[in-house]
Amino acid sequence: MSFVVGLTGGIGSGKSAVTRCFADLGVPQVDTDVIAHALTAAGGTAMPAICAAFGDAVVQADGALDRAAMRRIVFADRGARARLESILHPRIRSESSARVAALGEVPYLLLVVPLLVESGGWRSRVDRVLVVDCAEETQIARVIARSALSADEVRAIIAAQASRARRLAAADDVLHNDGDLGEIAPRVATLHRRYLELAGAKLAAER
Ligand SMILES: CC(C)(COP(=O)(O)OP(=O)(O)OC[C@H]1O[C@@H](n2cnc3c(N)ncnc32)[C@H](O)[C@@H]1O)[C@@H](O)C(=O)NCCC(=O)NCCS
Ligand SMILES: Nc1ncnc2c1ncn2[C@@H]1O[C@H](COP(=O)(O)OP(=O)(O)OP(=O)(O)O)[C@@H](O)[C@H]1O
């Protein structure tokens, strides 16, 4: 089994920016957000169940999930969020296992799971947890700058996620992303060297 680093972090913490730096170093990745998008694209295998549970109002004319409509529903209603998660999360877990297996033996891989701390069944699938962290106000400012969401909408999403303290308590490693974008790459390079060592040690122990 390849060494698996689970990467997580709150909304707008910088997961994608950090993930790109690992990709630049050639680290293979499986991203649960990518899987969630595929499941809810036109013809996606989760769409019949979503349509049955939430109705046509959350489905676009082309058959894909209307993400803005669904976002407005699930971040205002915990029960609706649980219903969506009960449809998507088992499918995301099984598809991510298939994609990890398809990578074969690699030195180590990155499994990007925004809800690694919140959603059950992930901790046992990863050897190490890397949390991307920054101040909540920074998360809000970055997401507003990037999208059409209001500060209140971002706060509602933050409220649906684990607290910063709970996420940090689950971390083996923390990548602090409060500074400039340019500070990420050297931090990722340091983590990369450590993960190669840890992966080598795991391989040696299994032999
Ligand atoms: C509700 C949806 C349609 C909104 O889509 P939209 O494109 O507007 O937002 P996006 O996917 O970029 O997510 C925005 C932020 O919300 C976070 N988020 C997504 N789902 C959840 C959730 N169930 N609970 C808490 N935070 C969530 C994301 O990590 C991200 O930080 C979408 O997020 C979704 O399908 N969520 C359920 C799937 C899920 O749990 N994905 C996380 C992968 S483990
Ligand atoms: N250190 C930084 N300095 C300035 N901007 C940054 C920094 N890190 C990330 N950003 C920007 O902030 C925004 C959010 O970052 P990113 O998309 O990587 O976060 P994320 O955790 O993947 O978000 P989400 O949870 O919504 O998927 C992006 O526009 C990104 O370019």
Side-chain angles (χ1 to χ4, degrees), residues 6-23 29-41 44 46-47 49-50 53-54 57-60 64-96 110-123 125-126 130-150 153-164 166-167 175-188:
L7 182 146
T8 193
I11 180 170
S13 55
K15 296 180 297 296
S16 303
V18 171
T19 298
R20 272 195 297 278
C21 286
F22 278 102
Q29 350 201 306
V30 171
D31 189 330
T32 55
D33 250 351
V34 172
I35 294 171
H37 272 78
L39 290 169
T40 55
M47 285 313 295
I50 289 176
F54 292 92
V58 299
V59 184
Q60 296 178 165
L65 178 65
D66 182 335
R67 304 183 68 84
M70 185 58 100
R71 192 179 61 235
R72 282 191 289 272
I73 294 170
V74 299
F75 292 117
D77 176 350
R78 184 188 294 260
R81 192 163 67 246
R83 281 203 298 286
L84 178 64
E85 290 176 350
S86 72
I87 295 168
L88 286 177
H89 287 185
R91 290 170 166 87
I92 292 172
R93 277 193 290 271
S94 80
E95 178 61 22
S96 69
L110 208 60
L111 182 57
V112 183
V113 188
L115 302 182
L116 189 148
V117 172
E118 294 85 341
S119 171
W122 289 107
R123 188 61 190 86
R125 294 165 185 240
V126 303
L130 169 59
V131 167
V132 182
D133 179 68
C134 68
E136 205 166 288
E137 288 312 310
T138 309
Q139 289 178 263
I140 295 168
R142 285 183 186 155
V143 176
I144 291 174
R146 172 193 75 181
S147 68
L149 295 188
S150 70
E153 285 173 297
V154 183
R155 283 201 186 92
I157 296 177
I158 289 175
Q161 300 185 341
S163 68
R164 200 176 167 192
R166 186 169 156 223
R167 197 179 290 111
L175 193 148
H176 297 284
N177 186 28
D178 278 300
D180 292 338
L181 269 175
E183 293 174 21
I184 294 176
R187 289 177 185 169
V188 166

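When reading the values below, keep in mind they use all heavy atoms of this one structure, side chains included, and skip hydrogens, waters and symmetry mates. Fair warning: this is a prediction, and the values are worked out from it, not measured in the lab. In listed order, ligands and their atoms are each counted from 1.
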Q) Is there a heavy atom of Ala160 sitting under 4.0 angstrom from any atom of ligand 1? A) yes
Q: Let me know which of Ile184, Thr19, Asn177 forms a side-chain contact (heavy atoms from CB on, under 4.5 Å) with Val132.
A: Asn177
(Q) Minimum distance, heavy atoms only, to atom 22 (O) of ligand 2: which one of Ala17, Gly9, Ser16, Pro114 is it? (A) Ser16
Q: Indicate yes or no for a side-chain donor-acceptor contact from Ser119 to the backbone of Leu116 under 3.5 Å, with no hydrogens or angles considered.
A: no
Q: Of the side chain and backbone of Thr40, name the one, both, or neither that has a heavy atom under 4.0 Å from an atom of ligand 1.
A: neither
Q. Quick one: does Arg167's side chain have a donor or acceptor within less than 3.5 Å of a partner on Val131's backbone?
A. no
Q.
Would Gln161 count as being in polar contact with ligand 1, using the rule that some N or O on each side must be under 3.5 angstrom apart?
A. yes
Q. Identify the closest protein heavy atom to atom 11 (C) of ligand 2: which residue and atom is it, and at what distance?
A. Arg142 CD, 4.0 Å
Q | Identity and distance of the protein heavy atom lying nearest atom 36 (N) of ligand 1 | A | Leu84 CD2, 4.0 Å
Q: Measure the distances from the heavy atoms of Gly10 to every atom of ligand 2 and state whether one is below 4.0 angstrom.
A: yes
**Q.** Residue, atom name and distance, where the atom is the protein heavy atom closest to atom 8 (N) of ligand 2
**A.** Asn177 ND2, 3.0 Å
Q.
Can you report which non-hydrogen protein atom sits closest to atom 25 (O) of ligand 2, along with the distance?
A. Lys15 NZ, 2.7 Å
Q.
Using a 3.5 Å cut-off on N or O atoms only, is His89 in polar contact with ligand 1?
A. yes
Q) So, are Glu183 and Arg187 salt-bridged, with charged N and O less than 4.0 Å apart? A) yes
Q: For atom 30 (C) of ligand 2, state whether the nearest protein heavy atom is under 4.0 Å away.
A: no
Q. Which atoms of ligand 2 sit under 4.0 Å from any heavy atom of Gly179?
A. 1 (N), 2 (C), 3 (N)
Q: Could you check atom 42 (C) of ligand 1 against the protein and tell me its nearest heavy-atom contact, residue, atom and distance included?
A: Leu115 CD1, 3.9 Å
Q. Just one of Leu111, Thr8, Val117 clears the side-chain contact (heavy atoms from CB on, under 4.5 Å) bar with Trp122, so which one?
A. Leu111
Q) Just which atoms of ligand 1 are under 4.0 Å from any heavy atom in Val74? A) 1 (C)
Q: Using a cut-off of 6.0 Å, state whether more than 12 heavy atoms not belonging to Arg123 lie near its atom CZ.
A: yes
Q | Heteroatom distance test (Lys15, ligand 1): nitrogen or oxygen, under 3.5 angstrom | A | no
Q. Ligand 1 versus Ile157, non-hydrogen atoms closer than 4.0 Å: side chain, backbone, both, neither?
A. side chain
Q. Leu65 heavy atoms, cut-off 4.0 Å: which ligand 1 atoms fall inside?
A. 3 (C)
**Q.** Proximity winner for atom 24 (P) of ligand 2, if only heavy atoms of Gly12, Ser147, Ala145, Gly14 are counted
**A.** Gly12
Q.
Determine whether a donor-acceptor pair (N or O, by modelled atom type, separation under 3.5 Å) exists between the side chain of Gln139 and the backbone of Ile11.
A. yes
Q. Testing Ile50, Thr32, Ile35 for side-chain contact (heavy atoms from CB on, under 4.5 Å) with Leu88, which one passes?
A. Ile50
Q: Check ligand 1 against Leu88 and write out every atom of the ligand that is under 4.0 Å from a heavy-atom position of the residue.
A: 35 (O), 37 (C), 38 (C)
Q: Counting heavy atoms only, name the option from Asp33, Asp180, Ile184, Thr19 that's nearest to atom 27 (O) of ligand 2.
A: Asp33
(Q) Under the criterion side-chain contact (heavy atoms from CB on, under 4.5 Å), I'd like the reasoning laid out for Asp66 against Val59: C-alpha separation, chi angles, the key distance, then a yes or no. (A) CA-CA 5 Å; Asp66 182 335; Val59 184; over 6 Å; no
Q. Are any of the N/O atoms in Glu85 less than 3.5 Å from those in ligand 1?
A. yes
(Q) Any atom of ligand 1 sitting under 4.0 Å from a heavy atom of Glu118? (A) no
Q) What is the closest protein heavy atom to atom 28 (C) of ligand 2, and at what distance does it sit? A) Arg146 CD, 4.0 Å
Q. Do any nitrogen or oxygen atoms of Thr32 lie less than 3.5 angstrom from nitrogen or oxygen atoms of ligand 1?
A. no
